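Remember, it's 1-based here, ligands and their atoms both numbered in the order they're listed. Quantities reported herein were computed from a predicted structural model and do not represent experimental measurements.
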Amino acid sequence: MVREKTPAEIQAMREGGRILATILNDLRSQVKAGVSELELDAWVDQEIRRHGAIATYKTDEVNFPGSICISVNEQIVHSIPTDRRLEKGDLVSFDLVIEYKGMKTDSAFTMVVDDEPKGAIKHLLNTTERSLYAGIDAIKGPVRTGDIGAAIEKVLADGKLGIIRELIGHGVGHEMHQAPEVPNYGQKGTGTLLKVGDTIAIEPMATLGSAAIITEDDGWSIATRDGSLSAHFEHTVMVTPDGVEILTKL
Ligand code: MG
């Protein structure tokens, strides 16, 4: 059973979401050819502390060996920061959860290192991000998780992208992962009915090739089986009386 949030807890998620958005926005300027994943992880860790927040991945709830997931090219999510140095043109996904005043927020984005996205990569990035906003925009009036999934799936399918099905969005707040599940596919009118005050992470992941995935040897990193490039965009949002509020956007 998901606990109701108090007004103070909702406010904490607003403040924490803003801190998370600020860190991810500032991170963009740290990403350049030659920087290592571990250097970026250390920078993020320092920023989280500076804002008075906690790196959730490093807590007992997750026990991940890093403050942020840094997934490069064929890696989709959950990749451990290593001494690998980023190269111009790498496609990099950053996924971060922080805790602030006891409440968690979750957000992710994908970018190209030191270059403007072009061609198929531009299509992958634009379409995956657009599918996130289609899912968010589906939240108005009574909405079920299947309505969100259907909206995301339509954009990704129209864009001829592979839709990762094994990894899905989720409730977030007191815990990093809580009910309900929010798949990136579905049927309108099905799934869990959301109510005002619910907070969920919506996070489409898509590929330029097949949607089949593998877990890499480190036991954490999820990658495409065919080595195709992938993208991941995520926001934590709250259902409001009027529709939706994006908590992890500046
Ligand atoms: Mg996330």
- Using the six-membered ring of Phe109, assess whether NZ or CZ of Arg28 lies under 6.0 Å from its centre and within 45 degrees of the ring axis. yes
- If you take all heavy atoms of Val31 and Phe94, which pair is closest and at what distance? CG2-CZ, 3.6 Å
- Taking the Mg ion (ligand 1) as the reference point, name the nearest N/O/S atom of Asp106. OD1
- Query: Quick one: do Lys58 and Asp45 make a salt bridge, cutoff under 4.0 Å?
  - Reply: yes
- For the Mg ion (ligand 1): the N/O/S atom of Glu234 at shortest distance: OE1
- Task: Say whether Val155 and Leu124 are linked into one hydrophobic cluster, either directly or through other cluster members, by side-chain heavy-atom distances under 4.5 angstrom.
- Result: no
- Any idea which N/O/S atom from Asp95 gets closest to the Mg ion (ligand 1)? OD1
- Item | Presence of N, O or S from Glu203 under 2.8 Å of the Mg ion (ligand 1) | no
